[in-house]
Amino acid sequence: MLDQSRIDPLRHAAIAERGHFINGRMVPAQDARTLNVLSPIDGRPFTRIASGSAQDVDQAVTAARHAFEDGRWSGATPAARKKVLLKLADLIEQNALELAVLGVRDNGTEISMAFKAEALSAAASFRYYAEALDKIYGEIAPTADNVLGLVHKAPVGVVGAIVPWNFPLMIGAWKLAPALATGNSVVLKPAETASLSLLRIAELASEAGLPDGVLNVVTGPGAVVGEALALSMDVDVLVFTGSGATGRRLLEYSARSNLKRCYLELGGKSPNIVFNDAADLAKAAKVSAAGIFRNSGQVCVAGSRLLVQEDIHDDFVAALCNEAEALKVGDPLDLSSQIGAVHSLAQLESHLRFVETAEAEGAECRTGGQRILEATGGYYMAPTVMTGVKATDTIAQKEVFGPVLAVSPFKDEADAIRIANATEFGLAAGVWTADLGRAHRMIRAVRSGVIHVNTYGGADLTVPLGGVKQSGNGHDKSLHALDNYVDLKTAWIQL
Ligand code: NAD
């Protein structure tokens with residue numbers, strides 16, 4: 001149970017400058033460069049991290065390769081790997097509050113959410129894949145009697161993982177846990193503005209018994225560290241969560257280097273569709289508000305487009321605006337805040353520009369639309385509802401990745417499907433209806449990797465998360481994610 005008196009002593013705890021984590025140790029950047037870490041809570045710097053270079057990436061990839069080749073982890077028994085990863089899950093749980101607060105200090109997510117969705121979720125991921133790793137079998141092919149066809153699932157070797165600043169622990173663990181469970185070595189590159197909690201995970205992994213060199217973390221700018229990792233000739237698979245623009249670059253880097261497989265989890269512009277036959281419109285309004293505004297809208301699956309059937313549009317928008325206005329935005333380390341900070345000033349300014357553009361294109365700002373709590377020095381934005389949005393408007397097409405909801409009316413099922421599918425994205429969706437047949441028709445018709453019915457968000461580890469269209473090409477979570485981290489190797493044996 002979270003308790004303010006346990007959070008407060010951690011909020012200003014001094015944090016020493018952090019290096020990269022390579023070969024089991026914290027090391028400074030080879031050229032000694034560092035970056036300031038700013039807190040979105042008050043806009044102030046509170047520590048520094050190493051600003052990596054291609055040489056640092058090279059050092060980490062070499063350590064990872066060496067560890068992989070000598071079998072210290074890749075050759076360990078499944079039981080031994082399981083023991084270490086279960087121990088890591090325990091350590092994360094024991095340090096959950098410290099990890100969550102550390103993460104909030106550099107990324108701004110409200111602590112009530114970060115504690116569960118970051119720290120506890122990371123522990124759950126390590127436990128899930130630790131439990132899975134000794135239950136994965138290869139295959140025996142149905143061959144003629146004089147041959148034996150075996151299909152091994154072999155670890156790929158060195159995995160490069162590049163993750164974003166929203167939910168770094170949760171998303172980092174979605175990649176690290178299956179990669180390590182299957183025996184790979186990893187070089188992880190966190191977002192330059194949200195590295196602290198993942199550096200701590202690397203230390204905890206070491207404490208849990210993960211051999212040196214198996215998990216390495218290199219911090220610093222994407223265009224330097226991320227690029228070097230993606231261009232490395234010695235990285236076998238690249239797993240990525242972030243923007244489509246970076247995802248495109250990674251595919252180019254792969255083509256220019258060793259054709260490494262790239263699994264991309266990208267952005268969304270997810271439609272949340274409310275039909276007039278929804279059983280509980282008050283609940284739909286409340287859950288839909290949480291589905292866009294939690295973590296200040298900085299959620300890849302955020303229901304950022306609300307499509308409402310014409311005849312309930314006005315009442316539903318009124319209920320939704322009430323919900324938005326009732327949400328308490330504030331210091332993310334204060335347990336009474338329901339919404340924390342926007343991650344950076346650049347993000348906040350971009351959100352405000354989206355609101356201006358929407359208004360210029362004819363939408364109406366019904367609530368929010370402005371920066372708040374500016375005196376704190378932090379980056380906060382009022383939950384914002386824009387109505388009268390046309391399917392072709394910028395705000396209906398581009399990912400804001402902030403607390404800005406675009407609302408459009410629709411006539412009937414066919415109209416809802418047409419508007420829902422009219423973007424380049426296909427990450428998530430929601431449908432509110434009491435008609436089971438309609439729910440199933442919508443599940444089939446809306447092009448998205450996940451669709452929520454009579455709820456929004458909350459899918460757990462047992463189901464995959466991945467996008468279709470330009471929202472990505474891979475999957476995190478569930479047993480399906482393990483496929484990203486193994487090669488199928490056929491042995492054809494003449495008997
Ligand atoms: P981003 O693409 O700017 O950065 C993501 C990571 O890529 C960071 O670590 C960054 O340093 C690195 N990077 C940046 N430029 C690079 C380059 N040239 N080469 C290699 N690496 C580079 O994205 P962001 O702003 O950190 O994250 C927000 C985006 O992530 C949003 O679009 C959001 O929807 C998406 N996201 C998707 C999911 C999902 O599961 N599909 C989950 C969370 C976030």
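Computed over heavy atoms, backbone and side chain alike; hydrogens, waters and symmetry mates excluded. Numbering of ligands and ligand atoms starts at 1, following listing order.
Judged purely by atom type and a 3.5 angstrom limit, N216 uses its side chain to pair as donor or acceptor with the backbone of G213.
Applying the 6.0 Å contact sphere to NZ of K469 captures more than 12 heavy atoms from other residues, nucleotides or ligands.
Within the structure, the side-chain hydrogen bond (donor to acceptor under 3.5 Å, both in side chains) test picks out no pair touching residues 444-456 (sequence neighbours left out).
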Which donor-acceptor pairs under 3.5 Å do side chains of residues 155-176 form with protein atoms, sequence neighbours excluded?
{"unit_1": "N166", "atom_1": "ND2", "unit_2": "Q298", "atom_2": "O", "d": "3.1"}
{"unit_1": "K175", "atom_1": "NZ", "unit_2": "T241", "atom_2": "OG1", "d": "2.9"}
{"unit_1": "K175", "atom_1": "NZ", "unit_2": "D476", "atom_2": "OD1", "d": "3.1"}
{"unit_1": "K175", "atom_1": "NZ", "unit_2": "D476", "atom_2": "OD2", "d": "3.0"}

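Between E252 and R249 there is no salt bridge, since no side-chain N of the basic residue sits under 4.0 Å from a carboxylate O of the acidic one.
Every residue meeting the side chain to side chain contact (heavy atoms under 4.5 Å, CB included) condition with E424, not counting sequence neighbours, appears here in chain and number order: Q470.
In this structure, ligand 1 sits under 4.0 Å from heavy atoms belonging to I162, V163, P164, W165, N166, I171, K189, P190, A191, E192, G222, A223, G226, E227, F240, T241, G242, S243, T246, R249, L250, Y253, E265, L266, G267, C300, E399, F401, L427, L465.
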